[in-house]
There are 2 protein chains.
Amino acid sequence: MAKTETSNPPSPSPLSRERILQAALRLADEGGIEALSMRKVAQELGVKAMSLYNHVASKDEIIDGIVDIVVGKIDLPRVDLDWKIAMRQRALSAHEVLLKHPWAAIAIMSRINIGPAMLRYVDRTIGCLREAGFSWKMADHAWNAIDSHIYGFTLQELNFPIEASAYAETAESFISYIPPDQYPYMHQLSLYIMDGSYDGLYDFELGLDFVLDGLDRLRERA
Amino acid sequence: MAKTETSNPPSPSPLSRERILQAALRLADEGGIEALSMRKVAQELGVKAMSLYNHVASKDEIIDGIVDIVVGKIDLPRVDLDWKIAMRQRALSAHEVLLKHPWAAIAIMSRINIGPAMLRYVDRTIGCLREAGFSWKMADHAWNAIDSHIYGFTLQELNFPIEASAYAETAESFISYIPPDQYPYMHQLSLYIMDGSYDGLYDFELGLDFVLDGLDRLRERA
DNA sequence: TCAGTTTAACTTACACTGTAAGTCTGTCAA
DNA sequence: TTGACAGACTTACAGTGTAAGTTAAACTGA
C-alpha cells in the first residue's frame, strides 16, 4: 500500500521546543508575563498542558527561553566602531527591544539568565570595551554602569504612558492624589504637564551620555 | 458583676491593617515576595485568610502597603544642603534600604506606587533640585536619571552575591557554561574573578557620580 | 436590662496555577 | 508480527486569590 501522507510529518504541526517558545513569546507580548500559564500556552498550540513537558522541563525553562529570544534581538556592539558609538548603539537597541516586549526587562532583572544570546551579548560588550583600552576591571564596571541605566530607565518608563498626549491625561487622573499643601513640588510639576507646557517625557540619551562621558574621562586618565 | 478582663482589649491582639502589613513585610523579607500569600500572612497572625479582608481590600493593597513602608525608610533629601550632596545621600540611602529588602526594588519598578511615603519622597527630591536652580523640566529629568541608576544598579546587584568571597565561588560554578572559544572575554574575566585578582564587585558611586557630574555641568551651563 | 446594629471573625466554594504520575496510541525497526 | 519508544493523553494534588454567606461577640440607645 502507498504510505499515508501523515508519514512525512507525523502530525499536521508537531510540537517542539521552538513552537512552544514562539507561542509563549506571543502570549507574553500580548498579556504580560503573568498571563503566561502552561495551560494557555498549550491551548494556543491546540494541545493539553502536560504535553509541553515532553519538550521543556518546566515553566521556568520557557521563561528563560523567551528571555533569551528577546535578548537575541538586541544589536551586538560592533568592535570596528569607536567604543562610545558602539555602546550608544547597543544601548539604544536594547532600549528599543525592551519597550517592544514590556514584560522582558523585569524578567531579565529578576532572574539569572545564562542563555546563549545573553552570554554572547555580554561577551561582545565586554570585548568591545576591552579593545577600547579599558582594563578588565574597568570594562566590567563600565558595562555594569551602562546597563544600570538601560534597565533602570526602561523600567521606569514602562510604568508610564509613552505618548505625550496620554501623559497629560495621566497627570490629570493622578492630580487628586497630590494635594498642593502636602506635595507642593509634585503638584506644580503635574500642572505643568497637564497644561502641555512640558510633555513629561524623559530622555533616554541624557543619562546615557552622562555615563558614557564619565567613562570616557576615566579612560583618558588611565 | 465585675467586667471580664477581655472588655478592655476585645481580643489578645486585634487584627489591624498595621499588624497585617508588618507580618507581610516580615514574610517578604524572609522568603521573597513570591512567598507572600494571604494564607501565610493569616497564619502568621493566628487567623484565617479571609479575615484579612476585613482590613485590607486585596493582596495588591498589602504589597502597595509594604512597598510604601520600605520607601518610607529612605532618607529624604535635605534641602539645606548642596543639591549634589543631598542627592548623593538620598541615593546611598535608597541603595542601602533596597538591599535590606531584596524583593522591594522589583516591586517598586513593576507597579505604580502612589503611597504617601513615595509621594513625599518624590516631592522632596524634585523640590531639592528645583531649589538648586534646575528648571522644572530639568529637575524632572535629573530625578529620573538618578533613579534610573539607583534602581538599575541595585537590581543587577541583587542577582549576584554581595560578598567578594562568594563572588569567586559563583564564578567557579558558572565557568563551565562559558567555553573560552565562544565567549573569550567573559571567560577571561571569570578567571580573573576566580583567582582573586579582582573582586568582581561593582561600585554604586561610580555610575552615580557620572550622572551627578553630568547634571552639574548641565546646571552650570543654564 | 434588653433589643438592634455593627464588627470581625469564621467556613465553604470556585476557578485558576504548576506539575507528578500513570495511561493510551500510533509509528518505526528488527 | 512484535517490541520499543515517542508523544500525546487523563487524573490528581497542593497551592493560589477571593466571592459569598454565616456566626458570635461587642457596643449602643431606649
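What's counted below: heavy atoms across the whole structure, side chains too, no hydrogens, waters or symmetry copies.
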Rounded to whole angstrom units, what separation is found between the [atom1] atom of [X] and the [atom2] atom of [N]?
X       : N      : atom1 : atom2 : value
A:Leu45 : D:dC9  : CG    : P     : 11 Å
B:Leu15 : D:dA24 : CG    : P     : 20 Å
B:Asn54 : C:dT6  : CG    : C1'   : 12 Å

So does A:His55 get a side-chain nitrogen or oxygen closer than 4.0 Å to the phosphate oxygens (OP1/OP2) of D:dA6?
no

Is any side-chain N of the basic residue among A:Asp60 and A:Arg111 closer than 4.0 Å to the acidic one's carboxylate O?
yes

Are the charged groups of A:Asp75 and A:Arg90 less than 4.0 angstrom apart, N to O?
no

Surrounding NZ of A:Lys59 (heavy atoms of other residues, nucleotides or ligands, distance under 6.0 Å), is the total greater than 12?
yes

To the nearest 0.5 Å, what is the distance between OH on B:Tyr53 and CE on B:Met38?
3.5 Å

Measure centre to centre between the rings of B:Phe153 and B:His149, then say whether the value is under 6.0 Å.
yes

Fit a plane to each ring of A:His101 and A:Trp103, take the angle between them on a 0 to 90° scale, and name the class: parallel (under 30°), tilted (30 to 60°) or perpendicular (over 60°).
perpendicular

Footprint string (nucleotides 10-18 of chain D, 5' to 3'): B base within contact, S backbone only, - free, heavy atoms under 4.0 Å
BBB---BBB

